[in-house]
Amino acid sequence: QVQLVESGGGSVTAGGSLRLSCAVSGRQYTTPCMAWFRQLPGQEREGVAAIDFYGATAYTDSVKGRFTISQENEKKTLILQMNNLQPEDTAVYFCALASDINHIAAMPPIRYFPFWGQGIQVTVSS
C-alpha cells in the first residue's frame with residue numbers, strides 16, 4: 001500500500017503564502033499521477049492541481065497563476081506552493097495518488113485516485 005502524509009498547513013491572512021508537502025512512502029508504481037484536492041464542510045472534494053510522472057501539470061481555474069504543484073526528493077515529496085491566498089481557498093487539503101494515469105491534459109476526476117492522505121487544514125482570513 002501507499003502512505004501519504006501531508007504537512008505545512010496553517011492560518012494566514014489574505015495575500016499570504018503557504019507551502020504544503022506530502023511525503024510518499026510504501027509501494028512504488030511505475031508512472032504514478034499525484035494531485036492535491038480540497039474540501040469544505042458539507043461540500044464535495046474538488047481537484048486543485050495534479051502532476052503526472054512526466055511532469056505535466058493541470059490546475060483548476062480558480063488557482064491558476066497562484067498555486068504551483070511540483071515534486072522533490074526523487075518524486076517522494078509532493079509540493080503545493082500557494083501564493084496570494086484568498087479566504088475562498090480555506091479548506092482541508094488532501095494529497096492523492098493514482099497508479100494508472102500515464103499522461104494528463106486536465107485535472108483528472110477524483111474517481112481515479114484510490115490513495116489519500118489524512119488531510120490538512122488551510123485557513124485564510126480576510
Side-chain angles (χ1 to χ4, degrees):
Q1 286 293 342
V2 174
Q3 290 80 45
L4 305 174
V5 179
E6 300 98 337
S7 61
S11 298
V12 296
T13 55
S17 298
L18 282 174
R19 176 181 161 102
L20 301 184
S21 296
C22 174
V24 184
S25 61
R27 179 175 177 176
Q28 309 231 338
Y29 291 93
T30 304
T31 55
C33 172
M34 298 208 64
W36 290 97
F37 289 77
R38 64 187 180 187
Q39 187 171 25
L40 288 168
Q43 296 189 19
E44 293 186 355
R45 203 167 291 188
E46 68 162 349
V48 175
I51 184 167
D52 69 21
F53 179 79
Y54 303 98
T57 58
Y59 298 89
T60 192
D61 286 346
S62 63
V63 308
K64 286 180 180 177
R66 300 189 298 123
F67 291 11
T68 303
I69 189 171
S70 62
Q71 291 176 296
E72 298 178 351
N73 191 24
E74 299 180 341
K75 302 185 189 295
K76 293 181 180 178
T77 304
L78 180 70
I79 302 295
L80 186 67
Q81 178 65 44
M82 305 185 293
N83 297 329
N84 191 22
L85 282 159
Q86 300 300 315
E88 54 266 34
D89 296 316
T90 295
V92 177
Y93 284 70
F94 296 88
C95 170
L97 185 147
S99 60
D100 54 2
I101 300 176
N102 289 326
H103 297 277
I104 63 171
M107 189 73 207
I110 191 170
R111 65 181 182 273
Y112 288 107
F113 293 87
F115 303 109
W116 293 84
Q118 79 286 356
I120 193 163
Q121 179 69 44
V122 170
T123 302
V124 186
S125 58
S126 58

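For reference, positions follow the sequence shown, starting with 1. Source: prediction; values computed, not measured.
- In the hydrophobic clustering of ILVMFWY residues, with side-chain heavy atoms under 4.5 Å counting as a link, I69 and V63 come out together.
- The closest side-chain heavy-atom distance from E44 to F37 is not below 4.5 Å.
- Nearest heavy atom pair, residue L80 against residue W36, reads CB-NE1, 3.4 Å.
- Residues T60 and M107 are not in side-chain contact: their nearest non-hydrogen atoms beyond the backbone lie 4.5 Å or more apart.
- Side chain of N84 to main chain of R66: no donor-acceptor pair is present (N/O by atom type, distance under 3.5 Å, no hydrogens or angles).
- Closest approach of A14 and S126 over heavy atoms only: CB-CA, 4.3 Å.
- To the nearest 0.5 Å, atoms CH2 (W116) and SG (C95) are separated by 9.0 Å.
- No donor-acceptor pair under 3.5 Å is formed between the side chain of T123 and the backbone N or O of T90.
- In terms of hydrophobic clustering, with Ile, Leu, Val, Met, Phe, Trp and Tyr side chains grouped at heavy-atom distances under 4.5 Å, M82 and V48 are assigned to a common cluster.
- Across P108 and I101, no two heavy atoms sit closer than the pair CB-CD1, 3.8 Å.
- The cluster map of Ile, Leu, Val, Met, Phe, Trp and Tyr, joined by side-chain heavy atoms under 4.5 Å apart, puts V124 and L18 in the same cluster.
- Grouping the Ile, Leu, Val, Met, Phe, Trp and Tyr side chains by contacts below 4.5 angstrom, directly or via other members, places Y59 with L78.
- Under a hydrophobic clustering in which Ile, Leu, Val, Met, Phe, Trp and Tyr are joined whenever their side-chain heavy atoms come within less than 4.5 Å, directly or via other members, I79 and V122 fall into different clusters.
- Taking all atoms of both residues into account, the shortest heavy-atom contact from G8 to I120 is N-CD1, 3.5 Å.
- Across every non-hydrogen atom of Q121 and A91, the tightest pair is NE2-O, 3.4 Å.
- Distance OG1/T13 to CD/Q86: 10.0 Å, rounded to 0.5 Å.
- Without hydrogens or angle criteria, E6 side chain to C22 main chain gives no donor-acceptor distance under 3.5 Å.
- Contact annotation: the side chain of F94 never approaches that of L20 to less than 4.5 Å [non-hydrogen atoms, C-beta and beyond].
- Residue K76 qualifies as open at atom NZ: its count of foreign heavy atoms under 6.0 Å is 12 or below.
- Atom CZ of residue R38 and atom CZ of residue R45 lie 13.5 Å apart, to the nearest 0.5 angstrom.
- The local environment of CD in Q28 is sparse, with at most 12 non-hydrogen atoms from other residues, nucleotides or ligands closer than 6.0 Å.
- Using a 4.5 Å heavy-atom threshold, the side chains of V24 and V2 count as touching.
- Remark: S17 OG to F67 CZ distance equals 9.5 Å, nearest 0.5 Å.
- Checked by atom type, the side-chain pair S70/E72 shows no donor-acceptor distance below 3.5 Å.
- Taking every heavy atom of both residues into account, F113 and M34 meet most closely at CE2-C, 4.4 Å.
- Between Y29 and D100, the closest side-chain pair of non-hydrogen atoms is not below 4.5 Å.
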Is there a side-chain contact (heavy atoms from CB on, under 4.5 Å) between R27 and F115? Walk through the geometry before answering. CA-CA 11 Å; R27 179 175 177 176; F115 303 109; over 6 Å; no
